[in-house]
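Here's the structure we're looking at; comments come further down.
Only a predicted model underlies this, so the values are computations on that prediction, with no experimental measurement involved. Atoms within a ligand are numbered from 1 in the order they appear, just like the ligands themselves.
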Amino acid sequence: MGKATGFMEYSRKKPEERDPKTRLSDWSEYSSFFSDEVLSEQGARCMDCGTPFCHTGMIIQGAASGCPINNLIPEWNDLVYRGRWKEALERLQKTNNFPEFTGRVCPAPCEGSCTVSISNPAVSIKGIERSIIDKGFENGWVTPRIPKNRTGKKVAVIGSGPSGLASADQLNQAGHSVTVYERADRPGGLLMYGIPNIKLDKGVVERRIKLMQQEGIDFITNTEVGVDITAEEIKQQYDAVVLCIGARKARDLKFEGREAKGIHFAMDYLTKATKSLLDSNFKDGNFIDTEGKDVIVIGGGDTGADCVATATRQNARSVALFQILSKQPETRPENNMWPAYPNVHTVSYAHEEAAAKYGKDPREYLIQTKKVVTDENGSAKELHTIQVEETKDETGRLMFKEIPGTEKVWPAQCIFIAVGFEGVEQPMLTQFGVETVNQKIDAEYGKHTTNVEGVFAAGDARRGQSLIVWAINEGREAAREVDKYLTKCLVK
Ligand SMILES: Cc1cc2nc3c(=O)[nH]c(=O)nc-3n(C[C@H](O)[C@H](O)[C@H](O)COP(=O)(O)OP(=O)(O)OC[C@H]3O[C@@H](n4cnc5c(N)ncnc54)[C@H](O)[C@@H]3O)c2cc1C
Ligand code: SF4
C-alpha cells in the first residue's frame with residue numbers, strides 16, 4: 001500500500017474546477033486535473049483496506065456499489081502515490097477501455113463504497129483515474145495496439161456509444177475484423193451527442209475513435225441499420241452482430257398544452273447544441289436558442305442538469321429545474337448505509353453554474369406540471385404547477401398527492417422534457433427478428449445472446465438507460481461471449 005498514515009494526514013481534494021462565473025462564457029470542460037504533488041497525496045489516502053469494496057461492482061439496494069468494471073483501484077492508487085505513472089496506466093487499462101470518459105463523467109459508485117468514507121470523505125478515485133489516463137496521452141504512452149494476427153471472422157457492431165466502442169475494442173484486440181455502424185454523423189453515441197462538451201470535451205472522444213481506427217476498426221457513420229442497410233444484409237456479411245443501439249425512446253409527459261411550440265425533448269436540445277458547436281461554433285444557427293427566455297426543465301437527472309448548463313450558457317433569462325421527488329438528505333439515512341451507493345443531496349456543475357448566474361439553485365422539489373398556456377401563436381407562455389406530497393399506496397408504492405392551494409404560474413417560453421427514456425427503438429429489431437421484454441432487448445446479462453443465432457446485445461439497449469461504466473462493462477462482457485461463439489466456429 002501507499003503511505004500507511006496517508007488517510008490521517010491528508011484531506012480529500014477534487015480536481016480543480018474553473019470558477020462557475022468565468023466558465024459560463026465558454027463551452028470548454030469545467031474541470032481540469034490535479035498537480036502531481038496533490039495527486040501523490042490523494043493516492044496516499046487509500047488505506048489498502050484489505051477488503052476493497054471500491055472495486056466490487058456489487059448491486060446493493062438496486063444500485064452499483066463499487067466499480068462496475070472492477071477497476072484495480074487500490075493498486076493504481078499506490079502506484080500514483082509512488083509516482084509510477086506508466087505502471088498505473090497499465091493497471092488501469094487492464095479493466096477500463098476508456099478511463100478518459102469515466103474519469104470525467106462517471107458518478108463514481110467506487111467512492112460511495114470506499115472504506116475511508118465510513119468516517120472521512122472518500123479517496124478521490126475518479127479524479128485519480130482521469131489524471132492517470134490524461135498523463136498517459138500527454139506523454140505518448142497510449143499508442144495504437146494493432147493486433148498481430150487476424151482470425152478472418154467479421155463482426156458488425158451496431159451503435160457507437162460506450163457499449164459499442166468497448167465491444168469493438170475488445171473484439172478487435174481478439175483479432176476479429178470489426179465494423180461499427182452509426183446513424184449519426186459522428187461516432188460516440190451519448191458521449192458525443194448527449195453529454196455536453198462542458199462535461200466531456202468532444203476532442204477527447206474523437207481522440208479515442210482515431211486510435212481505434214488506427215488499430216483497424218472501421219467506423220461507418222451516417223448509416224442507420226434497418227434503413228440504409230437491412231438487417232438481412234448485415235447478417236449475410238458478418239459472422240456475428242452486437243446490437244449496442246442505446247435506449248433512446250424518450251419518455252413523454254401528458255399535460256394540457258403539451259403540443260405548444262417551445263416544448264422539446266431534452267435530447268433534441270442537447271444534440272443540436274453540441275452538433276452546432278462542433279460544426280460551426282453556433283454560427284449555423286441550427287440549435288434551439290434560449291437566449292432571453294424563461295426556461296423550465298422538467299426532470300432532475302443528469303439529462304436535466306445538462307439542459308440547465310446549456311441554457312445558462314445561452315443566457316436564458318431564467319432557468320428552473322422541476323423534479324417531482326423530494327430533496328435528498330444531506331447525509332446518509334439509516335436505511336442507506338455504507339457500502340451502498342449514497343442517496344444524498346449533491347450539487348452538480350450545472351446547479352452550481354445556475355446558482356452563480358441567477359443567484360439560487362435552480363431546483364424545485366415535489367412539484368408537478370399541470371398545464372402550459374400559450375400565446376396567440378401557440379407558443380408556450382406560462383407553465384402552471386402544483387406542489388405534491390409523497391405518500392404510499394396499500395402496496396407500498398410511492399405516490400404523489402396534490403396539495404390544494406399550492407398552485408403557481410411560472411413564465412416559460414422554453415420547456416425541456418427530461419424525464420427519462422422508455423427503452424429501445426423497435427423498427428430495426430423487428431427486421432432482425434430480435435425479441436424485446438419491457439422495451440429492452442431480451443438477452444441475459446453475462447451471456448448477451450438474443451433469440452437470433454449470432455446476434456448479441458449490450459449496453460442501454462439491453463439493461464435500460466444506465467451509466468457509461470455499465471455500458472463499458474456490458475460491451476466487454478458481450479465481446480467475450482462473441483469471441484467464444486466465433487472461436488468455437490473456428491474449431492469446427
Ligand atoms: C444527456 C445525458 C447525459 C448523461 N450523462 C451521463 C454521465 O454524466 N455519466 C454517465 O455515466 N452516464 C451518463 N448518461 C448515460 C450514458 O450516456 C448512457 O448510459 C450510455 O451512453 C449508454 O451507452 P450505449 O452504448 O448503450 O448507448 P448510446 O450511448 O445511447 O449509443 C447508442 C448509439 O447507437 C446508435 N444507433 C441506434 N440505432 C441505430 C441504428 N439502427 N443504426 C446505427 N446506429 C444506431 C445511436 O445513434 C447511438 O449513437 C447520460 C445520458 C444522457 C441522455
Ligand atoms: S469507472 Fe467509475 S466506478 Fe469505476 S473507478 Fe472510475 S469513477 Fe469509479
Side-chain angles (χ1 to χ4, degrees), residues 54-55 57 64-73 76 92 95-96 98-99 101-114 122-130 132-133 156-167 180-196 199-200 220-229 231 234 243-248 250 266-267 269-271 274 301-307 310 341 348-349 418 420-421 424-425 427-429 431-432 457-475:
C54 60
H55 70 185
S65 161
C67 177
I69 43 178
N70 311 114
N71 273 344
L72 303 164
I73 298 163
W76 37 260
L92 176 56
T95 53
N96 193 350
F98 313 121
F101 306 151
T102 48
R104 283 169 169 76
V105 295
C106 185
C110 52
E111 294 184 7
S113 66
C114 167
V123 174
S124 274
I125 300 169
K126 174 177 158 184
I128 293 175
E129 178 178 43
R130 174 184 170 171
I132 296 172
I133 186 69
V157 174
I158 321 291
S160 65
S163 64
L165 293 180
S167 213
V180 181
Y181 287 87
E182 172 55 57
R183 74 175 164 203
D185 61 337
R186 292 180 172 90
L190 289 168
L191 300 166
M192 177 58 70
Y193 293 131
I195 299 174
K199 244 166 59 173
L200 173 61
I220 301 181
T221 52
N222 287 312
T223 303
E224 181 165 358
V225 175
V227 175
D228 302 305
I229 177 168
I234 293 276
L243 302 174
C244 300
I245 56 174
R248 299 292 195 92
M267 274 303 292
Y269 178 49
L270 295 172
T271 302
T274 299
D302 273 336
T303 311
D306 292 339
C307 291
T310 306
Y341 186 80
S348 82
Y349 80 108
F421 298 84
V424 278
E425 296 152 309
M428 184 198 72
L429 298 179
Q431 270 193 21
F432 270 105
D460 282 3
R462 198 206 63 80
R463 78 187 291 126
Q465 266 287 336
S466 183
L467 298 173
I468 290 163
V469 67
W470 276 117
I472 297 174
N473 165 297
E474 293 227 349

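Of the protein's non-hydrogen atoms, I245 CG2, 3.8 Å is the one closest to atom 39 (C) of ligand 1. Scanning all protein heavy atoms for the shortest distance to atom 9 (N) of ligand 1 gives V105 O, 2.7 Å. Regarding atom 25 (O) of ligand 1, its nearest protein heavy-atom neighbour is S163 OG, 2.7 Å.
Counting heavy atoms under 4.0 Å from ligand 1, residue M267 touches it through the side chain alone. With a 4.0 Å heavy-atom cut-off, ligand 1 is reached by the side chain of D306 but not by its N, CA, C or O. Of the heavy atoms in A471, only side-chain atoms (C-beta onward) come closer than 4.0 Å to ligand 1. Contacts of I158 with ligand 1, taken as heavy-atom pairs under 4.0 Å, involve the side chain alone. At a 4.0 Å heavy-atom cut-off, ligand 2 touches C106 through the side chain alone. For M428, every heavy-atom contact with ligand 1 shorter than 4.0 Å involves the side chain, none the backbone. Under 4.0 angstrom from ligand 1, there are no non-hydrogen atoms of T102. Heavy atoms of F421 found under 4.0 angstrom from ligand 1 belong exclusively to the side chain.
For ligand 1, the atoms sitting less than 4.0 Å from at least one non-hydrogen atom of G459 are 26 (O), numbered in the order shown with element in parentheses.
Within the 2.8 Å limit, C67 places no N, O or S atom next to atom 8 (Fe) of ligand 2.
By the 4.0 Å heavy-atom criterion, K199 is counted among the residues contacting ligand 1. Ligand 1 has at least one atom lying under 4.0 Å from a heavy atom of P107. Residue contacts with ligand 1 leave out G226, since none of its heavy atoms falls under 4.0 Å from the ligand.
Atoms OG1 and CD1, from T303 and I195 in turn, are 9.0 Å apart once rounded to the nearest 0.5 Å.
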